[in-house]
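Everything quoted here is computed from the prediction, not taken from an experiment.
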Amino acid sequence: MLRLVWRALTLCGLLLVTPSLLAGELGLAPMFGGKAFDQPVFMLQPPGDGGTWFVVERGGKIYRLNADGSDQQLVLDLSEEVESRPMEAGLLGMAFHPRFAENGRVYLSYTRAGAPLTSVLARFRSHDGGMSIAPGSEQVLLEVKQPYRNHNGGHIAFGPDGYLYFGLGDGGSGGDPKGNAQNRDTLLGAILRLDVNRVSPYAVPPDNPFAKGKGRGEIYAYGLRNPWRWSFDRKTGQLWVGDVGQNRWEEVDRVGAGDNLGWNRWEGLHCYRGETCSAKGIVLPLAEYSHDKGCSITGGYVYRGSAIPSLRGQYLYGDFCTGRIWSLDTTKAGAEPRERLLSGKRIASFAEGRQGELYLLDFSSGRIFRLVAE
């Protein structure tokens, strides 16, 4: 996530905003009858089921709900196992296997207490179609030790290729003092691509960029500071990432295999150290915004729903601190972002439903909203 809450609170009053519509004509409609959760950080639906939602709380709990908010059930409680005291730690990611209805596999990403703090990727089983997730079924697939207690990343998702992707931050502190993001011999500061179908705990896909050397085979892309929420365009398969910046710039990246996204040489479209730096071998972001507009990007989704026709093909993303939401036209090279809504929410995450509609999770109030046309 994002930045420490007390840092956000000092952003020159940026948090003292009133929800308002901008030129984009977007609004927010409460979900689940206005139910509130405890620091929700992700929401998703299982494959093939458009009537059920799962809400992930940072503290370690996962709830299952019907679309109208009725029949809420606690399906898993990992509160005792998850370390959530650092602000950017906790239960951070969840993904269903594409064949969940057949194999019941659920994947979770969380931080575990210890010295040092450890990021964990684990597989669990549901034996009843998602009505519950068996806590004793955990199989740890990957552990990554964190040198500091922030920039944990933690988002996971299956790509259109059937592989599981796992995003990790640079290990924390400030400025990436250990140079992890540019070091292909560490998994930090990277998005990983794993084959969880063939062997246990996982295999490196043979077409991964460094599967044959010159870096860790798991790495799909690197040079990231803290990828907080990323997604695959359900139409094109392209990977869109929101990477949290250091002190001045937040960025939107479109990521391909083997890409070096530039951190800690670049912050957004700007040299991080010094007046000049080389862009050779660097894939620069498609969009950025300064800390005059916010302080911590939350990546979103390319809209492929039907309820808001004007948004189709637009990548929606927001800022945790100010609640601003922007769109970026994915069909036009060099398109400029358009500010759509000043929501007044602490946007911990967006979510995408089975029909392509988009949702917003408010970290502060714990409430969840659907994006609607006004």
- Task: Give me the ring orientation class for Tyr317 and Tyr315: parallel if the planes are under 30° apart, tilted from 30 to 60°, perpendicular past 60°.
- Result: parallel

- Query: Which word best sums up how the rings of Phe210 and Tyr222 line up, parallel for under 30°, tilted for 30 to 60°, or perpendicular for over 60°?
  - Reply: perpendicular

Donor-acceptor check, side chain of [X] to backbone of [Y], threshold 3.5 angstrom: yes or no?
| X | Y | value |
| --- | --- | --- |
| Glu57 | Gln39 | no |
| Thr322 | Gly294 | no |
| Asp319 | Arg324 | no |
| Glu357 | Ala307 | yes |
| Asp259 | Leu261 | no |
| Ser79 | Gly60 | no |

Do [X] and [Y] have side-chain N/O donor and acceptor atoms under 3.5 Å apart?
| X | Y | value |
| --- | --- | --- |
| Thr186 | Asn183 | no |
| Asp176 | His151 | no |
| Tyr289 | Glu251 | no |
| Asp170 | Trp263 | yes |
| Ser84 | Arg58 | no |

Following the transitive rule for hydrophobic clusters with a side-chain heavy-atom cut-off under 4.5 Å over Ile, Leu, Val, Met, Phe, Trp and Tyr, establish whether [X] and [Y] coincide in one cluster.
| X | Y | answer |
| --- | --- | --- |
| Leu192 | Tyr220 | no |
| Trp326 | Val244 | yes |
| Leu358 | Leu28 | yes |
| Leu108 | Val56 | yes |
| Phe42 | Phe32 | no |

Interatomic distance, [X] atom [atom1] to [Y] atom [atom2] [nearest 0.5 angstrom]:
| X | Y | atom1 | atom2 | answer |
| --- | --- | --- | --- | --- |
| Ser137 | Arg125 | OG | CZ | 8.0 Å |
| Ile156 | Leu141 | CD1 | CG | 9.0 Å |
| Ser296 | His291 | OG | NE2 | 7.5 Å |
| Asp329 | Leu286 | CG | CG | 11.5 Å |
| Leu360 | Ile368 | CG | CD1 | 9.5 Å |
| Arg64 | Ser126 | CZ | OG | 9.0 Å |

- Task: Could you work out the complete set of other residues in the hydrophobic cluster of Trp266, with links drawn between I, L, V, M, F, W and Y side chains under 4.5 Å apart?
- Result: Leu269, Ile282, Leu284

- Lys/Arg-Asp/Glu bridge criterion (N-O < 4.0 Å) met for Arg248, Glu267: no

- Message: For Phe54 and Phe96, I'd like to know if the aromatic rings sit close, meaning centre-to-centre distance below 6.0 Å.
- Response: yes

- Does the ring center of Tyr107 lie less than 6.0 Å from the ring center of Phe166? no

- Pairs flagged by disulfide bond (SG atoms under 2.5 Å apart) wherever residues 175-274 is involved - sequence neighbours left out: Cys271-Cys277

- Message: Looking at Arg123, I'd like to know if its CZ atom is crowded, meaning that more than 12 non-hydrogen atoms belonging to other residues, nucleotides or ligands lie closer than 6.0 Å.
- Response: yes

- Message: Just checking Gln355: does its CD atom have more than 12 heavy atoms from other residues, nucleotides or ligands closer to it than 6.0 angstrom?
- Response: no

- Exercise: identify the closest heavy-atom pair between Ser349 and Val41: CB-O, 3.1 Å

- What pair of heavy atoms forms the shortest contact from Pro285 to Val252, and how long is it? CB-O, 3.2 Å

Give me each pair satisfying salt bridge (Lys or Arg N to Asp or Glu O under 4.0 Å) with a member in [range], each pair once, sequence neighbours excluded.
| range | result |
| --- | --- |
| residues 31-55 | none |
| residues 226-237 | Asp233-Arg304, Arg234-Glu352 |
| residues 205-218 | Arg193-Asp207, Arg216-Glu218 |

- Taken in chain and number order and not counting sequence neighbours, the residues that satisfy side chain to side chain donor-acceptor pair (under 3.5 Å) with Arg85 are Glu83

- Task: Verify side chain to side chain contact (heavy atoms under 4.5 Å, CB included) between Leu26 and Leu316, making sure each step is shown before the conclusion.
- Result: CA-CA 11 Å; Leu26 282 184; Leu316 272 288; 4.2 Å; yes

- Task: Given ring pair (Phe, Tyr, Trp, His ring centres under 6.0 Å), test Trp53 with Tyr359 step by step and report yes or no.
- Result: CA-CA 12 Å; Trp53 288 99; Tyr359 305 82; 4.9 Å; yes

- Item | Positive for ring pair (Phe, Tyr, Trp, His ring centres under 6.0 Å) with His155, one of Trp228, Trp230, Tyr110, Tyr165 | Trp230

- Take Thr330 and Gln238 through the side chain to side chain donor-acceptor pair (under 3.5 Å) test and state the conclusion after the steps. CA-CA 10 Å; Thr330 66; Gln238 291 176 326; 5.7 Å; no

